[in-house]
Every structure is written in C-alpha cells, then in structure tokens.
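Sequence lines set the chain letters: A, B, ... in the order given, protein chains first and strands last, and positions in each chain run from 1.
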Amino acid sequence: MESTVKDINNLIKRRYEELNELTEKGIKPYAYSFDVDSDSEDIKQNYNENEKRNVKIAGRLMAIRRMGKASFAHIMDYKGRVQIYLRKDEIGDQYTAFKLMDIGDVVGVEGYVFKTKTGEISVHVTSLELLSKSLRPLPVAKEVIDEDGNKIVYDQFADKELRYRQRYVDLIVNPEVKEIFVYRSKIITAMRTYLDAEGYLEVETPVLQPLYGGAAAKPFISHHNSLDIDLYLRIADELYLKRLIVGGFNGVYEISKDFRNEGMDRLHNPEFTMMELYVSYKDYNWMMEFVEKMINHICKTVFGTLEFTYGKHQINFEAPWKRISFVEAIEGKTGLNVINATDEELREGAKKLGIEVSSVEGRAKLIDEIFGTVVEPDLIQPTYVIDYPLILSPLAKKHRSKDGLVERFEAYIAGWEICNAFSELNDPIDQRKRFEDQVKLKEAGDEEAHQIDEDFLRAIEYGMPPTAGLGVGIDRLVMLLNNQSSIRDVIFFPQMRPEV
RNA sequence: GGGCGCGUAGCUCAGCGGUAGAGCAUCUGCCUUUUAAGCAGAGGGUCGGUGGUUCGAGACCACCCGCGCUCACCA
C-alpha cells in the first residue's frame with residue numbers, strides 16, 4: 001500500500017500507521033455515507049440561547065486543540081467553519097479514536113449547539129465518526145481575528161505553482177479561492193438565465209472540426225483513427241452556429257471551450273470559455289444594446305451593483321456605454337487615417353509609435369497593432385469601438401454607408417477586449433471573396449488566416465437571414481468582475497507544464 | 001522567445017564561503033470551555049538537478065528543469 005505513494009515522508013508514514021491502528025480498532029476509515037442535517041452557517045446563524053438544538057454535520061478537520069480528556073476542533077464544510085467540543089467522559093472510545101485523527105480528516109459529527117465561555121457558537125459532540133482518513137499533511141494556515149476585526153492569516157499556502165497544480169489543496173486552505181469560482185459559476189448561470197429568458201436556444205456544435213474557422217488563430221490538431229483524418233479543436237463556434245441560423249433557429253447560443261495554440265500569459269490560456277450568440281433579423285446596433293442589458297443583468301443579479309473596482313480603476317457598467325469609431329480613434333491619436341493611408345504610410349506610422357515592423361507584416365496586422373498601441377490602453381470604462389476596417393473582419397458585413405468598413409464592434413473594459421460582435425456577412429458571393437482574400441494572406445505567410453469553408457458557403461448560399469452575432473470571453477469577464485489580474489485565478493486547472 | 005526574480009523541513013521563511021536554522025505542522029508526556037491553547041521534551045533535509053571553482057559550496061560560476069512577474073507574440 002505504501003509503495004503507491006511516491007514521496008513518503010515521516011508525516012505520511014505516521015498517517016498510514018494511524019490508519020492501521022484505526023482499522024485494528026474496528027473503525028472503517030472510509031465510510032459510505034453520513035446523514036447531514038445542518039451546516040456551519042446554519043448553526044451560527046440560527047443560534048438560540050435557550051434551545052440546545054441537535055445537529056448532524058460533516059466536514060474536514062482544520063484545527064485541533066487537545067487538552068487531555070477534552071478537545072476543541074474546527075471542522076470546515078462547504079459553508080465555512082464551526083467549532084466542535086469533545087469530552088472523553090461523554091464519548092469514550094470515540095475519543096480514543098479521535099486521538100488517531102488528524103487535520104485534514106473528514107468526519108461526521110452529531111451533537112448539540114452551545115456557546116463557549118468566550119462566546120464561540122460550537123457543537124458539543126455526542127457522537128463522532130471518521131468518514132475519510134487523510135493520508136497527506138495539509139498546508140493549513142493559522143487564522144486569527146485581531147482587535148479591529150481583521151483576519152490575519154499565518155503561513156498561508158502561497159506557492160502559486162503548487163496552488164495551480166494542486167488546486168484541490170488550494171480550495172481547501174484558501175477559502176477566498178472558492179469564492180471566486182462560485183462567482184464564476186453564478187455569472188455563467190446569470191448569463192444563461194438571461195439568454196433563455198430572451199428566448200434563445202442553447203445548442204452544442206462540434207469541438208472536433210475538419211476545418212477550423214470563425215477567428216484568426218492557430219489551432220490544435222488531433223487525429224481520428226478510423227477516419228484517418230486530422231481534426232482541429234475549434235478556435236470558435238461561429239461558423240456552425242450560423243449554419244443553425246440558416247436552418248431556421250431565430251436565436252442560438254453556445255457556452256463552451258475554444259482552443260487556441262498560442263502563447264500563454266495572464267490574459268490567455270490555451271483553452272478558454274466563450275459565449276457566442278447569433279440572432280436573426282438583428283444587426284450590430286441592436287446587439288450593442290443587448291450586450292449592455294445582458295451585462296447589467298449579470299452585474300445586478302450576481303453582485304447587486306454596477307460599480308466595480310478593478311485594480312486601481314473604478315468601473316461603472318451603467319448603460320449606455322461610450323461609443324467611438326475605430327478609424328476616428330486612431331486618427332485622433334495619430335493623425336493617420338488607416339483606411340486612406342498607403343501601406344507605406346501605415347508602416348511609417350507604426351514605426352513612429354515604436355512598433356516593430358517586419359517586412360512581411362500585412363496591412364491588417366499593422367492597423368491592428370497601431371490600434372492596440374494608441375487606443376486600447378485608454379479604454380478603461382466600458383466602451384464600444386465600432387466600425388472596423390473590412391480587412392480585419394472577413395466574416396462581418398460591409399457597413400451600410402461607410403466604404404472600407406464593416407458593421408462590427410468590440411467592447412473594451414479596463415483596456416481589454418471583452419466581446420466582439422458584428423452584423424454577420426450573409427452575402428455568399430462577398431463571403432467567398434473574403435475567404436479567397438484570406439487564402440492569399442495564408443499563402444503570403446499569415447498562419448492565422450482563414451481557410452475556405454465550402455460547406456459554410458453552401459449553407460449561406462441557401463440564404464441566411466440578416467443576423468447579429470456576438471462572442472464574449474467569459475474568463476475575462478469573470479476576472480473583471482472579481483478583480484483578478486490573472487486568467488489562471490479564474491480557471492480551476494490552468495495549463496501547466498507536466499510535472500516531472 | 002527576451003529581460004528580471006524565485007526554488008532550503010509538510011507549510012511560511014531566514015541563512016549568501018567554514019558543523020543545515022526558526023515559527024507553525026508532526027511525535028512523546030501533562031492538561032475536561034480552548035481558539036495562532038499552554039508547559040516540558042523529541043524527530044524530521046540528497047538546500048530543484050548536473051557539472052565546475054575552492055582546502056571547504058544552500059551560498060560563487062556554467063548549463064539544465066520548474067514556477068512567478070514582465071515585454072514580445074496572441075485582435
């Protein structure tokens with residue numbers, strides 16, 4: 001049994017010995033179930049001096065204070081911690097067994113609620129049962145509340161690498177981590193509830209795709225053995241969801257993982273969560289208002305406010321959000337009109353801004369770089385950047401009145417892109433031409449240019465209604481609303497190099 | 001990929017050329033309302049890895065591995 005544990009040390013060895021001793025006493029160290037009828041929060045919130053309420057609770061031992069024939073301990077359940085009190089003269093053999101239990105063990109307890117001399121609401125144990133023996137020492141921090149009511153934590157489990165690799169431990173010993181993930185879940189639920197209430201249908205489309213598309217990104221490649229073909233993990237849901245609009249759904253959305261084979265940093269994880277929504281007979285103007293309403297709904301239902309602190313910024317989500325034109329924003333900062341400028345002028349302009357310009361850099365890349373350098377960092381309050389150059393947007397519909405532009409917007413908050421949306425291109429002839437232009441870019445060395453998706457073209461040749469489409473980066477939204485600076489802190493298991 | 005930083009006991013850290021340390025955790029003894037419980041004692045380390053410099057290396061040098069921050073890339 002012990003040989004299965006690689007890094008045996010004395011602490012672990014000791015716990016195996018305790019496990020054996022417990023087994024010899026006839027105690028089964030891994031129980032099948034325990035009837036719980038209360039929790040730590042319920043006990044503390046519904047305390048009545050005059051009533052010795054009986055409760056059954058279960059949780060993990062997080063602190064033990066033994067005083068000979070009596071002991072105090074804290075157990076932690078899903079809701080928090082509560083103190084328990086055990087006496088040898090009351091629980092006899094169970095007290096002897098308790099001596100073989102450790103911090104980290106999961107126990108079930110029955111007892112009555114009381115208040116100690118020092119005023120802590122606790123459970124006076126009448127029965128204690130081991131539910132799961134913990135064989136590894138938990139890196140428990142000590143907590144104390146000072147005179148001012150501030151919580152001071154000593155020796156907190158802080159090593160980021162260990163916290164990410166062993167998230168289960170992180171979640172046990174750092175309760176605020178759990179909170180963020182609960183908010184993450186609530187944010188997604190609020191979004192789904194809103195979309196459902198608006199009458200849109202949640203759907204699922206392929207993760208494994210023979211062609212990848214819908215975004216500019218490098219894919220992961222996998223292989224199907226029986227078909228003997230390479231398949232790509234999707235970089236976006238877009239092209240499949242639009243096929244469903246062709247099929248006659250009036251509004252479809254999907255909340256799911258996308259995969260992009262690119263660098264990792266505090267804003268990027270190789271797999272990340274995206275919500276994409278497509279609504280027929282609507283355009284990007286409608287979508288801008290929809291996004292404001294949806295985000296406001298999420299903020300209010302989950303957090304009860306539209307005011308958030310992010311880093312040193314105060315962010316207010318109150319609609320309507322500011323709107324600025326992509327081209328005018330750049331022109332205002334640099335005097336450069338990126339639509340009319342020649343390639344050479346763009347190149348010069350970029351160089352002046354300190355952007356590294358390689359000779360292969362295409363026009364689209366240059367424009368994007370310039371925008372990222374001069375405009376993006378200033379977009380702290382929610383801002384719609386609207387009407388993008390056509391060459392940046394091969395799937396968006398041409399602007400109804402402005403040449404060289406498409407009807408597209410991105411929402412920027414705290415300097416990051418939070419969502420991307422457009423009036424979807426539904427003209428199959430134009431779409432084919434855009435794909436062909438992408439192929440030329442690919443041939444010129446742009447690894448992220450689109451492939452031609454003949455089946456998608458066939459679909460819209462049947463006729464796709466006018467449609468508004470949206471993509472929202474869920475991880476970044478969660479970061480923003482929880483004041484987290486790294487995407488790794490809102491993903492349970494962020495990508496890491498394998499352990500040796 | 002570049003720059004900076006980190007890796008010493010289960011956890012948090014000190015040590016920066018001369019016998020591997022502290023607090024918590026663990027173990028033994030005492031202790032029936034404690035709460036960073038207390039008191040007395042004990043065990044615990046290939047100092048991330050491999051080479052090198054040196055009489056002598058956690059410490060200095062080189063390379064490697066892993067992580068963090070940051071820049072680039074990634075709309």
Can you check B/G58 for me, syn or anti if syn means within 90° of 0? syn

P gap between B/G7 and B/A59, integer Å: 12 Å

Starting at OH of A/Tyr164 and ending at C1' of B/G7, how long is that distance when rounded to a whole Å? 17 Å

Is there a donor on the side chain of A/Asp265 or the base of B/C73 sitting less than 3.5 Å from an acceptor on the other? yes

For the side chain of A/Leu11, starting at C-beta, report the closest nucleotide among B/C27, B/G10, B/G68. B/G10

Determine whether any donor atom in the side chain of A/Gln83 lies under 3.5 Å from an acceptor atom in the base of B/U34, or the reverse, and answer yes or no. yes

Just N and O in the side chain of A/Arg66: are any of them under 4.0 Å from OP1 or OP2 of B/A37? no

Any side-chain heavy atom of A/Lys322 within less than 4.5 Å of one from A/Gln381? no

Output the distance between atom OG (A/Ser40) and atom CG (A/Asp77), rounded to the nearest 0.5 Å. 3.5 Å

A/Tyr95 has an atom OH; how far is it from atom P of B/U34, in whole Å? 14 Å

Whole-Å distance, A/Asn10 CG to B/G44 P, equals 7 Å

Nearest-nucleotide comparison on RNA chain B, the residue closer to the 5′ end among A/His124 and A/Arg408: A/His124

Choose from B/A75, B/U26, B/C31 the nucleotide whose nearest atom is closest to any side-chain atom of A/Met67. B/C31

A/Phe181 and A/Phe492: aromatic ring centres closer than 6.0 Å? yes

Under a 3.5 Å cut-off for both contacts, is B/C63 paired Watson-Crick or G-U wobble with anything, and if yes, with which nucleotide? B/G49

Nearest-angstrom distance, P atom, B/G66 to B/G49: 15 Å

Could you check which of B/U12, B/U26, B/U32 has an atom nearest any side-chain atom of A/Ile103? B/U26

Give A/Leu392 one of three labels, base, sugar-phosphate or nothing, depending on what nucleic acid heavy atoms sit under 4.0 Å from its own. base

Atom-pair distance (CD1 on A/Ile75; P on B/U34), nearest Å: 20 Å

To the nearest 0.5 angstrom, please state how far the CZ atom of A/Phe326 sits from the OG atom of A/Ser393. 8.5 Å

Applying a 4.0 Å non-hydrogen cut-off, can you work out what A/Glu376 is touching in the nucleic acid: base, sugar-phosphate, or nothing? sugar-phosphate

Under 6.0 Å between ring centres: does that hold for A/Tyr412 and A/Trp321? no

Determine which nucleotide pairs with B/G58, using a 3.5 Å limit on both distances of a Watson-Crick or G-U wobble pair. none

Presence of A/Arg65 side-chain N/O under 4.0 Å of B/A37 phosphate oxygens OP1/OP2: yes

Report the distance from atom CG of A/Asp102 to atom P of B/G10, rounded to the nearest whole Å. 16 Å

Can you check the distance between B/G29 and B/G68, where both ends of the measurement are the C1' atom (answer in whole Å)? 44 Å

Distance in angstrom units between A/Ile121 CD1 and B/U33 C1', rounded: 15 Å

From C-beta outward on A/His268, which listed nucleotide comes closest to its side chain: B/C11, B/C74, B/U33? B/C74

Return yes if the base of B/U26 and the side-chain atoms of A/Arg14 contain a donor-acceptor N/O pair under 3.5 Å, otherwise no. no

In Watson-Crick or G-U wobble terms, with both distances under 3.5 Å, the base opposite B/C73 is none

Pair partner, B/G43 [Watson-Crick or wobble, under 3.5 Å]: none

With the side chain defined as heavy atoms from C-beta on, A/Ala70 is closest, among B/U32, B/A75, B/C69, to B/U32

When rounded to the nearest 0.5 angstrom, what is the spacing between NZ in A/Lys115 and CD in A/Gln83? 13.0 Å

Enter the distance from A/Ile391:CD1 to A/Gln438:CD here, rounded to the nearest 0.5 Å. 10.0 Å

Looking at B/A75, B/C11, B/G68, which one has an atom nearest to any side-chain atom of A/Phe157? B/C11

Would you kindly give the NZ-to-C1' distance between A/Lys115 and B/U34, to the nearest whole Å? 17 Å

Once the angle between the rings of A/Phe435 and A/Phe456 is folded into 0 to 90°, is it parallel (under 30°), tilted (30 to 60°) or perpendicular (over 60°)? perpendicular

Gap in Å between the two C1' atoms, one belonging to B/G45 and one to B/G58, rounded: 11 Å

Pairing partner of B/A14, by Watson-Crick or G-U wobble and under 3.5 Å for both distances, is none

Taking only the side-chain nitrogens and oxygens of A/Arg266, find out if one of them lies under 4.0 Å from OP1 or OP2 of B/G68. no

P atom, B/C39 versus B/G44: distance in rounded Å? 24 Å

Got a donor-acceptor pair under 3.5 Å from the side chain of A/Asp89 to the base of B/U32? yes

Just how far, in rounded Å, is P of B/C69 from CG of A/Asp159? 12 Å

When you compare B/G23 with B/A36, how far apart are their C1' atoms, in angstrom units rounded to a whole number? 10 Å

Applying a 4.0 Å non-hydrogen cut-off, can you work out what A/Ala216 is touching in the nucleic acid: base, sugar-phosphate, or nothing? base

Whole-Å P distance, B/A57 and B/C13: 28 Å

Choose from B/C73, B/C67, B/C27 the nucleotide whose nearest atom is closest to any side-chain atom of A/Glu18. B/C27

Dump the pairs, protein N or O against N or O of nucleotides 48-50 of chain B, anything under 3.5 Å, distances to one decimal.
none

Out of curiosity, A/Arg488 CZ to A/Asp475 CG, how far, rounded to the nearest 0.5 Å? 12.5 Å

Spacing of the P atoms in B/A62 and B/C67 (rounded, Å): 22 Å

Minimum-distance nucleotide to A/Arg497 side chain [options: B/G66, B/C74, B/U34]: B/G66

Please tell me which of the listed nucleotides, B/G10, B/C67, B/U34, lies nearest to the side chain of A/Glu161? B/C67

With a 4.0 Å cutoff (strictly under), does any side-chain N or O of A/Arg488 reach OP1 or OP2 of B/C69? yes

Does B/C31 have a Watson-Crick or wobble partner in any strand here, with both distances under 3.5 angstrom, and which is it? none

When you look at NZ of A/Lys52, are more than 12 heavy atoms from neighbouring residues, nucleotides or ligands closer to it than 6.0 Å? no

Below 6.0 angstrom between ring centroids: does that apply to A/Phe422 and A/Tyr284? no

Test side-chain hydrogen bond (donor to acceptor under 3.5 Å, both in side chains), reference A/Glu424, set A/Arg408, A/Lys397, A/Gln431, A/Lys242, output is A/Lys242

Check the phosphate of B/U32 against A/Arg87, side-chain N and O only, distance under 4.0 Å to OP1 or OP2. Yes or no? no

